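The next block holds one structure in the form of structure tokens; read it before the comments.
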Amino acid sequence: MKSVIAILRDQVLYLPLIFRLSIYENKSKYQMHYLGILWQFLNPFIRVCVYWFVFGIGLRNGAPVGDTPFLLYLLLGMIPWMFISSTINQGSNSIYNKVNLVSKMKFPVSILPSVVIISNTFNFLVMLVILVVIAYFYNLDFGIQLIQLPYYLLCMYVLVFSITIFASTISVLIRDFQLLIQSVIRLFFFMTPIFWSIDNFSEKYKPFIELNPFAYIIMGIRDSFLSGDWFYQDWRHMFYFWSLALLILFIGCIVHNNFKNKFVDYL
């Protein structure tokens with residue numbers, strides 16, 4: 001428990017530094033490109049267009065998912081997933097990429113995954129605004145369930161931070177782990193109800209899909225916008241999600257604290 005408290009205390013104490021580094025990361029990432037920061041929106045726009053064309057037009061022939069237009073249904077899954085996948089992939093490599101900071105000065109290494117998280121949050125928030133605008137044009141009536149959106153965003157941030165603090169440590173010790181993370185994220189992309197609905201499966205398979213913690217987040221965010229279930233109605237899935245997320249956080253903090261003073265030796 002001391003390890004968790006120490007890691008979380010670093011995130012609070014160095015919050016101004018986290019924001020400064022995040023802003024610098026966003027500015028420097030596309031500095032040498034002609035379109036600059038626009039690439040942060042062009043990349044997800046192109047991905048959404050491809051999936052909408054292949055799955056929405058090609059396979060579904062433009063048919064909605066229930067009463068929801070497929071484009072809106074896809075965006076409600078793709079926008080949080082793009083944040084999750086890119087943050088985990090980048091965050092798991094965040095300590096290794098900052099070898100100069102780790103080796104040349106006394107630096108709070110545990111904040112490096114948070115720098116990636118905050119850096120990607122700027123883009124995520126803009127995409128959420130775009131999503132709301134598109135939902136408005138589709139005449140989507142936002143129900144009172146939208147007030148539970150912050151809960152699912154909290155779930156998303158806790159899970160992403162838990163995974164990245166663990167994965168960024170292991171990736172320094174075992175470089176192959178970074179490639180494994182990328183492969184696992186690609187696998188979860190197709191196992192998460194992003195462009196398909198869990199209702200398409202029989203009751204026999206639904207429990208296996210619900211073991212995916214990302215499915216809990218994606219379906220929860222979608223329910224918040226589409227006036228679905230309240231988060232407390234599925235208390236078993238909620239208990240499972242938080243147990244898993246906090247377990248990963250606990251293990252990640254212990255591993256990080258045990259090896260943080262030895263990173264330079266492995267780098």
Side-chain angles (χ1 to χ4, degrees), residues 22 25-26 29-30 35 37-57 60 64-91 116-143 145-161 163-164 182 185-198 209 212-229 231 241 245:
S22 301
E25 287 287 328
N26 275 332
K29 188 181 297 183
Y30 300 102
L35 296 180
I37 200 170
L38 282 177
W39 278 111
Q40 286 192 310
F41 308 105
L42 284 175
N43 282 328
F45 174 76
I46 293 171
R47 287 180 62 185
V48 168
C49 287
V50 169
Y51 290 123
W52 173 73
F53 181 77
V54 173
F55 295 101
I57 303 300
R60 301 182 59 86
V65 180
D67 297 328
T68 308
F70 181 78
L71 177 60
L72 185 58
Y73 188 89
L74 176 66
L75 287 173
L76 285 168
M78 280 296 297
I79 289 176
W81 176 257
M82 286 187 291
F83 171 80
I84 291 171
S85 60
S86 62
T87 303
I88 291 178
N89 281 325
Q90 296 169 24
V116 174
I117 292 172
I118 298 300
S119 176
N120 288 342
T121 294
F122 298 136
N123 183 44
F124 174 66
L125 292 177
V126 173
M127 296 298 292
L128 273 184
V129 173
I130 295 174
L131 172 62
V132 171
V133 172
I134 293 175
Y136 174 78
F137 279 106
Y138 272 108
N139 295 319
L140 178 67
D141 293 325
F142 298 110
Q145 283 88 345
L146 193 61
I147 65 174
Q148 70 182 357
L149 180 62
Y151 164 76
Y152 285 108
L153 295 182
L154 174 64
C155 293
M156 181 176 71
Y157 278 96
V158 170
L159 181 62
V160 167
F161 178 76
I163 293 174
T164 52
Q182 295 175 6
I185 289 299
R186 281 194 292 267
L187 175 64
F188 271 106
F189 171 70
F190 292 101
M191 293 175 60
T192 304
I194 297 172
F195 44 78
W196 49 267
S197 173
I198 191 174
I209 298 174
N212 174 5
F214 302 118
Y216 179 74
I217 296 170
I218 298 296
M219 291 189 298
I221 292 176
R222 191 173 277 142
D223 283 342
S224 299
F225 277 91
L226 301 180
S227 301
D229 295 334
F231 70 92
F241 172 85

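Not measured: the values here are computed from a predicted model.
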Q: Check M191 against N212 and note the closest heavy-atom contact, atom names and distance.
A: O-ND2, 3.5 Å
Q: Just do the side-chain contact (heavy atoms from CB on, under 4.5 Å) check on Y152 and S224 with the steps written out, would you?
A: CA-CA 9 Å; Y152 285 108; S224 299; 3.6 Å; yes
Q. What is the ring orientation for Y216 with Y151, classed by angle as parallel under 30°, tilted 30 to 60°, or perpendicular over 60°?
A. perpendicular
Q | Atom pair CG (L187) and CD (Q182), whose distance is rounded to the nearest 0.5 Å | A | 14.0 Å
Q | OG1-CD1 distance between T192 and I218, expressed to the nearest 0.5 angstrom | A | 6.5 Å
Q) Quick one: CD1 on I221 to CD on Q148, what's the gap to the nearest 0.5 Å? A) 10.5 Å
Q) So, for N120 and Q90, which heavy atoms are closest and what is the spacing to 0.1 Å? A) ND2-OE1, 3.4 Å
Q. For the atom pair CG (L125) and CD1 (I130), what is the distance rounded to the nearest 0.5 Å?
A. 11.5 Å
**Q.** Closest contact, heavy atoms only, P193 versus I198
**A.** CB-N, 4.5 Å
**Q.** Considering all heavy atoms, the nearest I194-G77 contact
**A.** CG2-C, 3.7 Å
Q) Do you know the tightest heavy-atom contact between A245 and V158? A) CB-CG1, 4.3 Å
Q | T121 side, atom OG1; I118 side, atom CD1 - distance, nearest 0.5 Å | A | 4.5 Å
Q | Test side-chain contact (heavy atoms from CB on, under 4.5 Å) applied to M156 and W81, step by step | A | CA-CA 10 Å; M156 181 176 71; W81 176 257; over 6 Å; no
Q) Just one of T68, V132, L75 clears the side chain to side chain contact (heavy atoms under 4.5 Å, CB included) bar with F225, so which one? A) V132
(Q) Tell me if a side-chain donor or acceptor on R222 pairs with a main-chain N or O of L74 at a distance below 3.5 Å. (A) no
(Q) Could you measure the distance from the CG atom of L159 to the CD1 atom of I217? Nearest 0.5 Å is fine. (A) 5.0 Å
Q: Would you check if D223 and Q145 make a side-chain contact, meaning some heavy-atom pair closer than 4.5 Å?
A: no
Q.
Checking the side chain of T164 only, and the main-chain atoms of F161 only, is there a donor and an acceptor separated by less than 3.5 Å?
A. yes
Q. How are the rings of F188 and F214 set relative to one another: parallel (under 30°), tilted (30 to 60°) or perpendicular (over 60°)?
A. perpendicular
Q. When the ring planes of Y157 and F124 are compared, do they come out parallel, tilted or perpendicular, using 30° and 60° as the limits?
A. perpendicular
Q | Close side-chain approach of F137 to V133, heavy-atom, < 4.5 Å | A | yes
